[in-house]
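Heads up, the thing below is written out as structure tokens.
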Amino acid sequence: MKKALIIIVSLILLIIISFTIYWNLPFEITRKSDIEFGNKIIQNIKTYQKTNGKLPENGDWETLKKLGFPLKDSSSYLYYVTDHQGNFELTYVEGFDGPYLLWNSTEQKWTIDFPKIYAK
């Protein structure tokens, strides 16, 4: 009985420690696959901009699908918005409240923050 109690308590402590370590890892590690996918989309957008001389429009989902954007019907989706000054932002929208994982073309890096560009 004493041995079983020690094993159960040890497992619970191991689980708590594992979750604590995971939640304190940098987002570059915990969101690595999202960042890699977003980087591919960013390259596709930059290629489109060089080819066409402009960014894709905010609501042009046919063009955005061709650039590799996933469908919006999943629980987490990639949101794209421009400010019509040549800047754009990608945001992984998850739920209602931020902050979100986002990439802004003026900062040129992934951050956990609130959107800076809003659709008009």
Side-chain angles (χ1 to χ4, degrees):
M1 180 72 175
K2 190 175 183 181
K3 193 173 188 179
L5 184 62
I6 291 173
I7 291 172
I8 291 172
V9 170
S10 297
L11 285 174
I12 291 172
L13 284 175
L14 180 66
I15 291 170
I16 291 170
I17 291 170
S18 297
F19 275 117
T20 303
I21 290 171
Y22 177 79
W23 284 112
N24 288 311
L25 286 173
F27 73 90
E28 291 90 349
I29 295 172
T30 59
R31 301 293 300 269
K32 184 177 180 180
S33 63
D34 290 333
I35 291 172
E36 287 175 353
F37 179 75
N39 287 337
K40 291 177 187 173
I41 298 292
I42 291 165
Q43 284 306 114
N44 292 345
I45 291 170
K46 288 180 178 181
T47 302
Y48 179 91
Q49 186 178 23
K50 286 179 186 175
T51 305
N52 298 303
K54 63 176 185 164
L55 290 169
E57 296 295 321
N58 288 338
D60 186 7
W61 281 104
E62 290 301 315
T63 302
L64 295 175
K65 282 182 197 175
K66 290 177 186 174
L67 295 176
F69 275 78
L71 298 174
K72 282 176 113 176
D73 55 345
S74 65
S75 63
S76 169
Y77 70 92
L78 194 57
Y79 181 71
Y80 165 82
V81 66
T82 64
D83 65 358
H84 302 292
Q85 297 175 0
N87 301 314
F88 68 95
E89 189 170 78
L90 296 179
T91 307
Y92 277 98
V93 178
E94 300 162 329
F96 296 110
D97 298 330
Y100 306 109
L101 176 64
L102 68 89
W103 187 88
N104 188 299
S105 64
T106 56
E107 296 173 358
Q108 298 283 317
K109 66 179 181 177
W110 288 98
T111 59
I112 300 288
D113 203 353
F114 291 96
K116 296 170 181 72
I117 300 174
Y118 296 98
K120 296 177 183 173

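Atoms considered below: every heavy atom in the structure, side chains included; atoms not considered: hydrogens, waters and symmetry mates. Throughout, numbering of the chain's residues begins at 1 and tracks the sequence.
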Acceptor/donor pairs from residues 8-18 side chains to any protein atom, 3.5 angstrom cut, sequence neighbours excluded:
unit_1, atom_1, unit_2, atom_2, d
Ser10, OG, Ile6, O, 2.7
Ser18, OG, Leu14, O, 2.8

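The aromatic rings of Phe69 and Trp61 lie perpendicular to each other, with more than 60° between the two planes, well past the 30° mark.
Between Ile45 and Pro56, the closest side-chain pair of non-hydrogen atoms falls below 4.5 Å. Proximity of Leu78 to Thr91: side-chain heavy atoms (C-beta onward) are nowhere separated by under 4.5 Å. In this structure, Tyr79 and Glu89 have side chains that are not in contact, with every pair of non-hydrogen atoms separated by 4.5 Å or more. With contacts defined as side-chain heavy-atom distances shorter than 4.5 Å, the pair Leu101/Ile35 qualifies.
The one candidate from Tyr80, Phe37, Phe88 that meets the ring-ring contact (aromatic ring centres under 6.0 Å, His included) condition with Trp103 is Phe88.
In this structure, the separation between CG on Asn24 and OG1 on Thr30 is 10.5 Å, given to the nearest 0.5 Å. Rounded to the nearest 0.5 angstrom, Leu55 CG and Lys46 NZ are separated by 11.0 Å. For the atom pair Leu67 CG and Gln43 CD, the distance stands at 12.0 Å (nearest 0.5 Å). Atom OG1 of Thr106 sits about 6.5 Å away from atom CD1 of Ile117, to the nearest 0.5 Å. Interatomic distance, Tyr92 OH to Ile112 CD1, rounded to the nearest 0.5 Å: 11.5 Å. One finds the NZ atom of Lys66 at 9.0 Å from the OH atom of Tyr48 (value rounded to the nearest 0.5 Å).
Ion pairing between a basic and an acidic side chain is recognised when a charged N comes within 4.0 Å of a carboxylate O; Arg31 and Glu36 show no such pairing.
The main-chain N or O of Asp83 is never found under 3.5 Å from a side-chain atom of Asn87 such that the two would form a donor-acceptor pair.
Here the closest non-hydrogen pair linking Ser105 and Gly86 is OG-O, 4.3 Å.
Sorted by first and then second residue, the pairs that involve residues 108-118 and meet salt bridge (charged side-chain N to carboxylate O under 4.0 Å, His left out), not counting sequence neighbours, are Glu107-Lys116, Asp113-Lys116.
A donor-acceptor contact closer than 3.5 angstrom links the side chains of Thr82 and Asn58.
In this structure, the ring of Phe27 has its center no less than 6.0 angstrom from the ring center of Trp110.
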